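Have a look at the structure below before the remarks.
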Number of protein chains: 2
Amino acid sequence: MQQLDSHQYLGVRDDIAARIAAGEFKPGERLPSERQLQAGGGVARGTVREALFQLEAEGVIYRKDRSGWYVSPPPVVYDPTRWEGFMSYVEAQGRRPETETLSKVEIVCDGMLAQIFSRPVGAPMYWIRRRRLIDGRAVLIESIIVDAARAPGLIEHDLNGSLTSVLKTVYGVGVARNKVDMRPCALTRDEAEALRVKSGLPGLSLVRTCYDAQGHVVEFDREYWRHDALTVSVDIRVR
Amino acid sequence: MQQLDSHQYLGVRDDIAARIAAGEFKPGERLPSERQLQAGGGVARGTVREALFQLEAEGVIYRKDRSGWYVSPPPVVYDPTRWEGFMSYVEAQGRRPETETLSKVEIVCDGMLAQIFSRPVGAPMYWIRRRRLIDGRAVLIESIIVDAARAPGLIEHDLNGSLTSVLKTVYGVGVARNKVDMRPCALTRDEAEALRVKSGLPGLSLVRTCYDAQGHVVEFDREYWRHDALTVSVDIRVR
DNA sequence: GGAGCGGCCTGGTCTATACCAAGTACATGT
DNA sequence: ACATGTACTTGGTATAGACCAGGCCGCTCC
């Protein structure tokens with residue numbers, strides 16, 4: 001929106017980006033502190049921060065609260081048409097996936113869920129919240145609903161691995177159809193806290209509805225991703 | 001990442017969000033100026049701006065440079081598996097689509113395009129750049145490459161409508177397969193300027209590769225969307 | 001060795017002020 | 001009617017300062 005050189009903060013941005021590109025700072029490494037970067041260029045701290053925000057929006061760097069700014073690792077590729085779980089596709093890309101179960105409880109079906117699952121209000125459901133990490137960095141949190149009638153005792157299992165394979169191997173429940181809604185969003189309040197990022201950071205909201213071969217909803221899943229952690233790739237025949 | 005009330009800017013955010021939710025400001029309408037909002041709450045202008053950035057990241061408001069802050073209209077839904085063009089699906093959702101052709105030129109195939117199209121380096125290609133608007137607001141810019149051998153004279157046509165239907169009706173070229181890559185990104189430099197937004201605003205990058213029934217690449221398209229303008233919805237059978 | 005305690009450093013928030021460039025609205029001139 | 005100019009408003013950029021809370025690390029004490 002502005003000419004190339006006219007803004008200091010874009011100049012500072014380019015400096016830092018160039019130093020990263022040159023390999024002075026490598027993925028996962030910490031940048032010098034804001035006050036040090038400031039001293040180097042003779043600019044105000046606010047200007048340095050503006051440049052850092054720019055790079056953050058581009059996915060080049062990220063921050064750990066009150067610890068520093070770090071160079072972002074490359075994103076992972078996610079293909080919603082392939083029904084492999086997080087654990088396997090992250091590993092297939094040479095990265096180290098982890099899952100933490102934040103909570104798992106039995107709830108009763110409310111109006112919205114009743115509609116999604118075509119089940120009566122009051123039917124028992126499981127509600128699972130998990131946080132998932134790649135190479136030790138929290139990249140998404142998810143909130144999963146599963147019909148308790150389809151997978152009785154599900155939450156007694158260890159859910160830190162692949163939920164997909166638990167449903168398949170233990171309950172014989174497979175997925176035949178997958179509906180995915182995606183939209184850019186802001187990570188606010190709860191999501192931001194769980195991902196340990198600042199409220200307001202851009203993210204990607206991904207809502208998945210999984211159906212079995214009979215067209216029944218097996219699993220309803222809301223995911224909130226850090227915006228710099230993934231690329232979505234879909235390859236489909238046109239209807 | 002922080003407790004609820006502890007930050008002024010979140011308080012200001014909530015105030016403004018509440019006034020929007022209450023209908024005091026409607027979609028498309030302008031908010032009071034930053035200096036007016038500041039006077040109302042007894043806070044510094046920087047704090048008001050922080051709150052506005054927050055709401056912008058959430059997609060609630062957007063800005064027009066040096067004109068003011070406006071309430072965002074709802075996003076449109078885009079389904080990459082449905083091969084309808086922008087013009088028709090936007091219209092189907094009760095919105096007013098527009099297209100502006102920024103440039104259309106003949107170029108020669110470079111190494112990258114040669115690989116994508118399976119055509120020799122140096123083969124003629126058309127390069128079309130368009131801006132698309134919804135209800136008068138620029139929401140995306142796109143850069144399209146089409147094999148000139150498949151659609152000779154394409155750029156002589158009016159391309160402010162649906163390119164899809166021109167390819168189909170004039171050249172008999174249909175699309176059978178559609179590969180879509182999506183990732184959150186920052187709108188920088190050129191894209192930001194074309195969309196008249198500030199460099200660094202979050203956006204969604206969408207790369208489409210369209211194939212005909214024989215598996216040849218028909219069209220290669222890079223789109224940059226405002227992050228608050230769309231929701232992507234995919235519904236697919238699992239492979 | 002391990003737990004606990006400080007203190008330093010970091011980013012996070014906030015104030016106040018200044019100036020600029022581009023948009024807006026309105027009066028003016030043709 | 002239409003272009004033109006101008007005064008004013010708006011967001012955009014930048015400075016300099018201040019204080020806070022949480023992360024981090026080393027020291028001390030058990």
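Everything numeric here is computed off the predicted structure, so don't read it as measured data. Below, chains carry the letters A, B, ... as their sequence lines are ordered, and counting in each starts from 1.
At whole-Å resolution of the value, CD in B/Glu56 and C1' in D/dG12 are 13 Å apart. Rounded to a whole Å, the CD atom of B/Gln54 is 15 Å from the C1' atom of C/dC14. Nucleotide C/dG11 holds its P atom 8 Å from the CG atom of A/Leu37, rounded to whole Å. D/dC19 atom C1' lies 13 Å from atom NE2 of B/His7, rounded to whole Å. Atom P of nucleotide D/dA18 and atom CD of A/Gln38 are separated by 14 Å, given to the nearest angstrom. One can place CZ of A/Arg49 at 7 Å from P of C/dT13, the figure rounded to the nearest angstrom. In this entry the distance linking OH of B/Tyr70 with P of D/dT10 reads 11 Å, nearest Å. Atom CG of B/Leu52 is separated from atom P of C/dC14 by 14 Å (rounded to the nearest Å).
In this structure, A/Arg45 places its CZ atom where more than 12 heavy-atom neighbours from other residues, nucleotides or ligands lie under 6.0 Å away. No more than 12 heavy atoms of other residues, nucleotides or ligands sit less than 6.0 Å from atom CZ of A/Arg222.
A donor-acceptor contact under 3.5 Å links the side chain of A/Arg45 to the base of C/dG12. Between the base of C/dG11 and the side chain of A/Arg35 there is a donor-acceptor pair shorter than 3.5 Å.
Taking the ring axis of A/Tyr62 as reference, the NZ or CZ atom of A/Arg137 stays within 45° of it and closer than 6.0 Å to the ring centre. Annotation: cation-pi pair B/Lys104/B/Tyr126 absent, no NZ/CZ under 6.0 Å from the ring centroid and within 45° of its normal. Under the 6.0 Å distance and 45° angle rule, B/Arg30 does not count as a cation-pi partner of B/Phe25.
Picking from C/dT24, C/dG11, D/dT13 the nucleotide with the shortest atom distance to the side chain of B/Ser67 gives C/dT24. The A/Lys198 side chain lies nearest to C/dT13 when the options are D/dG12, C/dC14, C/dT13. Of the candidates C/dG11, D/dT10, D/dG12, the closest approach to any side-chain atom of A/Glu34 belongs to C/dG11. With C/dC14, C/dG11, D/dG12 as the choices, the nucleotide that has an atom nearest any side-chain atom of B/Gln8 turns out to be C/dC14. Closest to the B/Arg63 side chain, of the nucleotides D/dG12, C/dT15, D/dC20, is D/dG12. Picking from C/dT13, D/dG12, D/dG22 the nucleotide with the shortest atom distance to the side chain of B/Tyr9 gives C/dT13. Considering only side-chain atoms of A/Arg66, the nucleotide from C/dA22, C/dT13, D/dA21 that sits closest is D/dA21.
The side chain of B/Ser33 contributes an N or O atom lying less than 4.0 Å from OP1 or OP2 of D/dT10.
Between A/Phe53 and B/Thr47, the residue anchored nearer the 5' end of DNA chain C, judged by the nucleotide with its closest heavy atom, is A/Phe53. DNA chain D is contacted by both A/Lys64 and A/Gly42; A/Gly42 maps to the nucleotide lying nearer its 5′ end (nearest heavy atom per residue).
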